[in-house]
K.L.:
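After the C-alpha coordinates below, expect a handful of questions from me.
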Amino acid sequence: MVWQALLELADDHLVLGHRLSEWCGHAPMLEEDLALPNMALDLIGTARTLYARAGEIEGAGRDEDALAYLRGERDYRNCLLVERPNEDFAHTMLRQLYFAALMKPYWEAAMGSSDPVVQGVAGKAVKEMAYHIRHAGEWVIRLGDGTEESAARMRDAVAALAIYVDEMFDDSPAALAAAGVLPRRADLRGAFDATIAAVFSGAMLDQPAAPYAQRGGRDGLHSEGLGHMLAVMQSLHRQHPGAVW
Amino acid sequence: MTQTTPLWEVFIRPRNGLAHKHAGSIHAADEVLALQAARDVYTRRGEGNSIWVVRSADIYASDPDQTAENFDPAADKVYRHPTFYDIPDDVGHM
(Lines give C-alpha, C1' and ligand atoms only; values in the text may rest on other atoms or scores of the structure.)
Protein backbone atom coordinates (compact mmCIF):
# COMPACT_ATOMS: atom_id res chain seq x y z
CA MET A 1 0.00 0.00 0.00
CA VAL A 2 1.36 3.37 -0.99
CA TRP A 3 0.25 5.14 2.18
CA GLN A 4 2.11 2.61 4.33
CA ALA A 5 5.26 3.08 2.28
CA LEU A 6 4.93 6.84 2.77
CA LEU A 7 4.46 6.23 6.49
CA GLU A 8 7.71 4.21 6.70
CA LEU A 9 9.53 7.02 4.97
CA ALA A 10 7.93 9.69 7.16
CA ASP A 11 8.81 7.71 10.31
CA ASP A 12 12.48 7.57 9.25
CA HIS A 13 12.53 11.34 8.90
CA LEU A 14 10.61 12.17 12.07
CA VAL A 15 12.57 9.82 14.32
CA LEU A 16 15.95 10.98 13.05
CA GLY A 17 14.78 14.59 13.14
CA HIS A 18 13.72 14.20 16.76
CA ARG A 19 17.00 12.50 17.67
CA LEU A 20 18.93 15.43 16.19
CA SER A 21 16.71 17.91 18.01
CA GLU A 22 17.81 16.31 21.30
CA TRP A 23 21.17 18.04 20.75
CA CYS A 24 19.50 21.46 20.86
CA GLY A 25 21.04 23.31 23.80
CA HIS A 26 23.58 20.53 24.40
CA ALA A 27 25.90 20.71 21.39
CA PRO A 28 29.60 21.27 22.10
CA MET A 29 29.60 24.69 20.43
CA LEU A 30 27.07 27.31 19.44
CA GLU A 31 27.73 26.73 15.74
CA GLU A 32 26.70 23.06 15.98
CA ASP A 33 23.88 23.93 18.36
CA LEU A 34 22.33 25.72 15.39
CA ALA A 35 23.51 23.32 12.68
CA LEU A 36 21.97 20.21 14.26
CA PRO A 37 18.48 21.71 14.72
CA ASN A 38 18.77 23.09 11.16
CA MET A 39 19.18 19.53 9.92
CA ALA A 40 16.46 18.31 12.30
CA LEU A 41 14.03 20.84 10.86
CA ASP A 42 14.83 19.72 7.30
CA LEU A 43 13.91 16.17 8.28
CA ILE A 44 10.81 17.08 10.29
CA GLY A 45 9.58 19.29 7.44
CA THR A 46 9.86 16.35 5.06
CA ALA A 47 8.12 14.08 7.58
CA ARG A 48 5.18 16.48 7.92
CA THR A 49 4.49 16.55 4.19
CA LEU A 50 4.80 12.77 3.94
CA TYR A 51 2.48 12.17 6.92
CA ALA A 52 -0.11 14.53 5.50
CA ARG A 53 0.05 12.75 2.13
CA ALA A 54 -0.05 9.30 3.74
CA GLY A 55 -3.12 10.26 5.77
CA GLU A 56 -4.81 11.69 2.72
CA ILE A 57 -4.27 8.52 0.67
CA GLU A 58 -5.26 6.28 3.59
CA GLY A 59 -8.55 8.15 3.73
CA ALA A 60 -9.32 7.31 7.38
CA GLY A 61 -9.22 10.92 8.56
CA ARG A 62 -5.79 10.78 10.23
CA ASP A 63 -3.81 13.99 9.85
CA GLU A 64 -0.07 14.48 10.37
CA ASP A 65 -0.49 14.97 14.13
CA ALA A 66 -2.53 11.79 14.50
CA LEU A 67 0.11 9.81 12.65
CA ALA A 68 3.07 11.31 14.51
CA TYR A 69 1.67 11.57 18.03
CA LEU A 70 -0.97 8.90 18.41
CA ARG A 71 0.86 5.76 17.30
CA GLY A 72 2.84 3.62 19.73
CA GLU A 73 6.31 2.27 19.05
CA ARG A 74 5.02 -1.01 17.58
CA ASP A 75 3.19 1.04 14.96
CA TYR A 76 6.32 2.97 14.01
CA ARG A 77 7.92 1.62 10.84
CA ASN A 78 11.26 3.44 10.77
CA CYS A 79 14.49 1.59 10.13
CA LEU A 80 16.54 0.95 13.26
CA LEU A 81 19.48 3.18 12.33
CA VAL A 82 17.53 6.41 12.81
CA GLU A 83 16.42 5.57 16.35
CA ARG A 84 19.96 4.83 17.59
CA PRO A 85 20.79 7.12 20.52
CA ASN A 86 22.93 10.20 19.95
CA GLU A 87 25.78 8.92 22.16
CA ASP A 88 28.66 11.22 21.23
CA PHE A 89 29.30 13.48 18.25
CA ALA A 90 30.95 10.65 16.30
CA HIS A 91 27.83 8.45 16.54
CA THR A 92 25.53 11.33 15.67
CA MET A 93 27.50 12.45 12.64
CA LEU A 94 28.03 8.94 11.29
CA ARG A 95 24.32 8.13 11.67
CA GLN A 96 23.52 11.35 9.79
CA LEU A 97 26.02 10.56 7.05
CA TYR A 98 24.61 7.06 6.55
CA PHE A 99 21.05 8.32 6.32
CA ALA A 100 21.82 11.20 3.97
CA ALA A 101 24.06 9.03 1.77
CA LEU A 102 21.02 6.82 1.11
CA MET A 103 18.39 9.54 0.95
CA LYS A 104 20.17 11.78 -1.54
CA PRO A 105 20.05 9.20 -4.37
CA TYR A 106 16.61 8.14 -3.08
CA TRP A 107 15.14 11.61 -3.54
CA GLU A 108 16.97 12.05 -6.84
CA ALA A 109 15.16 8.96 -8.09
CA ALA A 110 11.89 10.13 -6.50
CA MET A 111 11.94 13.31 -8.60
CA GLY A 112 10.43 11.09 -11.29
CA SER A 113 7.61 9.92 -8.98
CA SER A 114 4.09 9.58 -10.31
CA ASP A 115 2.85 11.34 -7.15
CA PRO A 116 3.08 15.14 -7.37
CA VAL A 117 3.51 15.56 -3.59
CA VAL A 118 6.42 13.10 -3.54
CA GLN A 119 7.92 14.93 -6.52
CA GLY A 120 7.68 18.21 -4.66
CA VAL A 121 9.28 16.80 -1.51
CA ALA A 122 12.04 15.22 -3.58
CA GLY A 123 13.06 18.49 -5.24
CA LYS A 124 13.54 20.12 -1.85
CA ALA A 125 15.00 17.13 -0.03
CA VAL A 126 17.74 16.45 -2.60
CA LYS A 127 19.37 19.77 -1.74
CA GLU A 128 18.96 19.22 1.99
CA MET A 129 20.50 15.75 1.83
CA ALA A 130 23.44 17.05 -0.21
CA TYR A 131 24.17 19.48 2.61
CA HIS A 132 23.70 16.84 5.31
CA ILE A 133 26.27 14.63 3.53
CA ARG A 134 28.68 17.54 3.38
CA HIS A 135 28.19 18.65 6.98
CA ALA A 136 28.28 15.19 8.54
CA GLY A 137 30.95 13.96 6.13
CA GLU A 138 33.35 16.79 6.97
CA TRP A 139 32.92 16.01 10.67
CA VAL A 140 33.47 12.29 10.13
CA ILE A 141 36.68 13.12 8.25
CA ARG A 142 37.93 15.47 10.97
CA LEU A 143 37.08 13.14 13.83
CA GLY A 144 38.38 10.03 12.06
CA ASP A 145 41.61 11.74 11.02
CA GLY A 146 41.82 13.91 14.14
CA THR A 147 43.26 13.25 17.56
CA GLU A 148 43.84 9.83 19.07
CA GLU A 149 40.69 10.30 21.15
CA SER A 150 38.46 11.46 18.28
CA ALA A 151 39.71 8.69 15.98
CA ALA A 152 38.97 6.04 18.63
CA ARG A 153 35.44 7.41 19.11
CA MET A 154 34.88 7.47 15.37
CA ARG A 155 35.99 3.84 15.05
CA ASP A 156 33.66 2.93 17.94
CA ALA A 157 30.77 4.60 16.12
CA VAL A 158 31.55 2.74 12.88
CA ALA A 159 31.60 -0.56 14.77
CA ALA A 160 28.42 0.23 16.72
CA LEU A 161 26.32 1.27 13.70
CA ALA A 162 27.59 -1.38 11.26
CA ILE A 163 24.79 -3.85 11.98
CA TYR A 164 22.10 -1.27 11.15
CA VAL A 165 23.28 -0.41 7.63
CA ASP A 166 21.90 -3.35 5.64
CA GLU A 167 18.34 -2.88 6.92
CA MET A 168 18.25 0.56 5.35
CA PHE A 169 18.24 -1.09 1.91
CA ASP A 170 15.40 -3.52 2.59
CA ASP A 171 12.23 -2.83 0.64
CA SER A 172 9.15 -3.81 2.64
CA PRO A 173 6.12 -5.28 0.83
CA ALA A 174 4.52 -1.83 1.17
CA ALA A 175 7.54 -0.16 -0.41
CA LEU A 176 7.57 -2.65 -3.29
CA ALA A 177 3.86 -2.03 -3.81
CA ALA A 178 4.61 1.68 -4.13
CA ALA A 179 6.77 1.18 -7.26
CA GLY A 180 6.44 4.22 -9.48
CA VAL A 181 5.59 6.43 -6.51
CA LEU A 182 8.74 5.67 -4.51
CA PRO A 183 12.14 4.29 -5.58
CA ARG A 184 13.48 0.90 -4.55
CA ARG A 185 16.05 1.26 -1.79
CA ALA A 186 17.92 -1.86 -2.92
CA ASP A 187 18.83 -0.06 -6.16
CA LEU A 188 20.66 2.67 -4.25
CA ARG A 189 23.33 0.64 -2.48
CA GLY A 190 25.99 1.46 -5.08
CA ALA A 191 25.50 5.22 -4.73
CA PHE A 192 25.54 4.91 -0.94
CA ASP A 193 28.72 2.82 -0.93
CA ALA A 194 30.49 5.33 -3.21
CA THR A 195 29.64 8.25 -0.88
CA ILE A 196 30.75 6.36 2.21
CA ALA A 197 33.95 5.13 0.58
CA ALA A 198 34.93 8.69 -0.37
CA VAL A 199 34.36 10.01 3.17
CA PHE A 200 35.96 7.03 4.89
CA SER A 201 39.12 7.26 2.81
CA GLY A 202 39.48 10.91 3.92
CA ALA A 203 38.70 9.88 7.50
CA MET A 204 41.26 7.03 7.55
CA LEU A 205 38.42 4.65 8.46
CA ASP A 206 37.85 1.09 7.31
CA GLN A 207 34.32 0.00 6.50
CA PRO A 208 33.84 -3.00 8.79
CA ALA A 209 32.13 -6.15 7.67
CA ALA A 210 29.04 -6.28 9.88
CA PRO A 211 28.92 -9.53 11.89
CA TYR A 212 25.19 -9.73 11.15
CA ALA A 213 22.40 -7.38 10.06
CA GLN A 214 19.90 -6.27 12.69
CA ARG A 215 16.42 -5.96 11.23
CA GLY A 216 12.88 -5.45 12.46
CA GLY A 217 12.18 -1.73 12.23
CA ARG A 218 9.90 -2.04 9.20
CA ASP A 219 7.87 -4.65 11.15
CA GLY A 220 7.57 -2.43 14.21
CA LEU A 221 10.19 -4.32 16.24
CA HIS A 222 12.31 -1.58 17.75
CA SER A 223 15.01 -1.11 20.33
CA GLU A 224 14.08 0.08 23.80
CA GLY A 225 15.26 3.60 23.07
CA LEU A 226 12.46 4.37 20.62
CA GLY A 227 9.80 3.94 23.30
CA HIS A 228 11.53 6.47 25.53
CA MET A 229 11.95 8.86 22.63
CA LEU A 230 8.29 8.65 21.64
CA ALA A 231 7.20 9.10 25.27
CA VAL A 232 9.01 12.43 25.35
CA MET A 233 7.94 13.45 21.86
CA GLN A 234 4.27 12.53 22.28
CA SER A 235 3.60 13.49 25.90
CA LEU A 236 2.52 17.05 25.21
CA HIS A 237 0.08 16.13 22.48
CA ARG A 238 -1.34 13.26 24.52
CA GLN A 239 -1.84 15.46 27.61
CA HIS A 240 -3.23 18.36 25.61
CA PRO A 241 -4.87 16.89 22.51
CA GLY A 242 -5.08 19.39 19.70
CA ALA A 243 -2.77 21.87 21.43
CA VAL A 244 -1.44 24.53 19.08
CA TRP A 245 0.69 27.64 19.38
CA MET B 1 37.86 27.52 22.88
CA THR B 2 39.47 30.45 21.07
CA GLN B 3 42.88 29.00 21.90
CA THR B 4 42.19 25.73 20.10
CA THR B 5 39.53 26.73 17.59
CA PRO B 6 40.21 29.88 15.58
CA LEU B 7 37.74 32.71 15.18
CA TRP B 8 36.47 33.63 11.70
CA GLU B 9 34.72 36.74 10.40
CA VAL B 10 31.69 36.06 8.21
CA PHE B 11 30.67 38.17 5.22
CA ILE B 12 27.35 37.61 3.47
CA ARG B 13 26.19 38.89 0.10
CA PRO B 14 22.41 39.27 0.22
CA ARG B 15 21.95 39.08 -3.54
CA ASN B 16 23.78 39.43 -6.81
CA GLY B 17 25.08 42.91 -7.52
CA LEU B 18 25.54 43.85 -3.88
CA ALA B 19 28.76 43.65 -1.90
CA HIS B 20 29.50 41.14 0.85
CA LYS B 21 28.76 42.69 4.25
CA HIS B 22 30.08 41.71 7.63
CA ALA B 23 27.51 39.55 9.43
CA GLY B 24 29.36 38.40 12.54
CA SER B 25 31.89 35.80 13.61
CA ILE B 26 32.04 32.08 14.35
CA HIS B 27 34.50 29.53 15.69
CA ALA B 28 35.67 26.71 13.42
CA ALA B 29 38.69 24.45 13.10
CA ASP B 30 39.38 25.26 9.44
CA GLU B 31 38.00 27.12 6.42
CA VAL B 32 35.69 24.29 5.28
CA LEU B 33 33.97 23.98 8.66
CA ALA B 34 33.96 27.78 8.95
CA LEU B 35 31.89 28.07 5.77
CA GLN B 36 29.47 25.42 7.05
CA ALA B 37 29.15 27.13 10.41
CA ALA B 38 28.61 30.50 8.72
CA ARG B 39 25.89 28.97 6.55
CA ASP B 40 24.20 27.40 9.56
CA VAL B 41 24.43 30.43 11.84
CA TYR B 42 23.90 33.37 9.48
CA THR B 43 21.82 32.25 6.48
CA ARG B 44 18.93 30.43 8.17
CA ARG B 45 16.42 33.09 7.14
CA GLY B 46 17.44 33.45 3.53
CA GLU B 47 19.93 36.24 4.22
CA GLY B 48 22.30 35.49 1.40
CA ASN B 49 23.50 33.71 -1.69
CA SER B 50 27.25 33.92 -1.12
CA ILE B 51 29.50 33.65 1.94
CA TRP B 52 33.08 34.67 2.61
CA VAL B 53 34.96 33.67 5.73
CA VAL B 54 38.23 35.27 6.80
CA ARG B 55 40.36 34.34 9.76
CA SER B 56 39.89 37.12 12.31
CA ALA B 57 43.63 37.00 12.98
CA ASP B 58 44.28 37.89 9.32
CA ILE B 59 42.44 41.20 9.56
CA TYR B 60 44.73 44.16 10.11
CA ALA B 61 42.64 46.93 11.60
CA SER B 62 43.14 50.63 12.17
CA ASP B 63 44.31 51.65 15.62
CA PRO B 64 41.57 53.30 17.72
CA ASP B 65 44.28 55.62 19.15
CA GLN B 66 44.86 56.93 15.62
CA THR B 67 41.20 57.69 14.95
CA ALA B 68 41.73 61.45 15.16
CA GLU B 69 44.72 61.60 12.84
CA ASN B 70 43.16 59.15 10.39
CA PHE B 71 39.69 60.58 10.04
CA ASP B 72 39.39 64.10 11.42
CA PRO B 73 41.27 65.77 8.53
CA ALA B 74 38.44 64.77 6.18
CA ALA B 75 35.85 66.56 8.28
CA ASP B 76 36.41 70.13 6.96
CA LYS B 77 36.74 69.29 3.25
CA VAL B 78 33.13 69.49 2.21
CA TYR B 79 34.22 70.41 -1.34
CA ARG B 80 35.03 66.70 -1.83
CA HIS B 81 31.31 65.99 -1.85
CA PRO B 82 29.98 66.57 -5.38
CA THR B 83 27.10 68.75 -4.20
CA PHE B 84 28.15 72.07 -5.77
CA TYR B 85 27.19 71.35 -9.35
CA ASP B 86 24.00 72.27 -11.14
CA ILE B 87 22.78 69.22 -12.97
CA PRO B 88 20.97 69.90 -16.25
CA ASP B 89 17.38 68.72 -16.15
CA ASP B 90 17.95 66.52 -19.20
CA VAL B 91 20.40 64.37 -17.24
CA GLY B 92 17.67 63.18 -14.90
CA HIS B 93 18.63 61.23 -11.83
CA MET B 94 22.31 60.53 -11.37
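All values reported here derive from a predicted model rather than from experimental measurement. Throughout, protein chains are lettered first and strands after them, A, B, ... in sequence-line order, and every chain is numbered starting at 1.
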K.L.:
Does CZ in A:Arg48 sit with more than 12 non-hydrogen atoms of other residues, nucleotides or ligands closer than 6.0 Å?
P.N.:
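For A:Arg48, atom CZ is not crowded (no more than 12 foreign heavy atoms under 6.0 Å).
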K.L.:
Can you give me the closest heavy-atom contact between B:Gln36 and A:Arg134, atom names plus distance?
P.N.:
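Heavy-atom minimum between the residues: NE2-O, 3.2 Å.
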K.L.:
For B:Phe11, does the CZ atom have more than 12 heavy-atom neighbours from other residues, nucleotides or ligands under 6.0 Å away?
P.N.:
yes
K.L.:
Under 6.0 Å from the CD atom of A:Glu148, do we count more than 12 heavy atoms belonging to anything else shown?
P.N.:
no
K.L.:
If you define the side chain from C-beta out and look only at heavy atoms, does anything of A:Arg142 sit under 4.5 Å from B:Asp30?
P.N.:
yes
K.L.:
For B:Leu33 and A:Glu31, what are the C-alpha separation, side-chain angles and deciding distance, and is it a side-chain contact (heavy atoms from CB on, under 4.5 Å)?
P.N.:
CA-CA 10 Å; B:Leu33 292 189; A:Glu31 288 78 356; over 6 Å; no
K.L.:
Is it true that a side-chain atom of A:Asn38 and a backbone atom of B:Asp40 form a donor plus acceptor pair closer than 3.5 Å?
P.N.:
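Yes: the side chain of A:Asn38 pairs with the backbone of B:Asp40.
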K.L.:
Are there more than 12 heavy atoms of other residues, nucleotides or ligands under 6.0 Å from atom NZ of A:Lys124?
P.N.:
yes
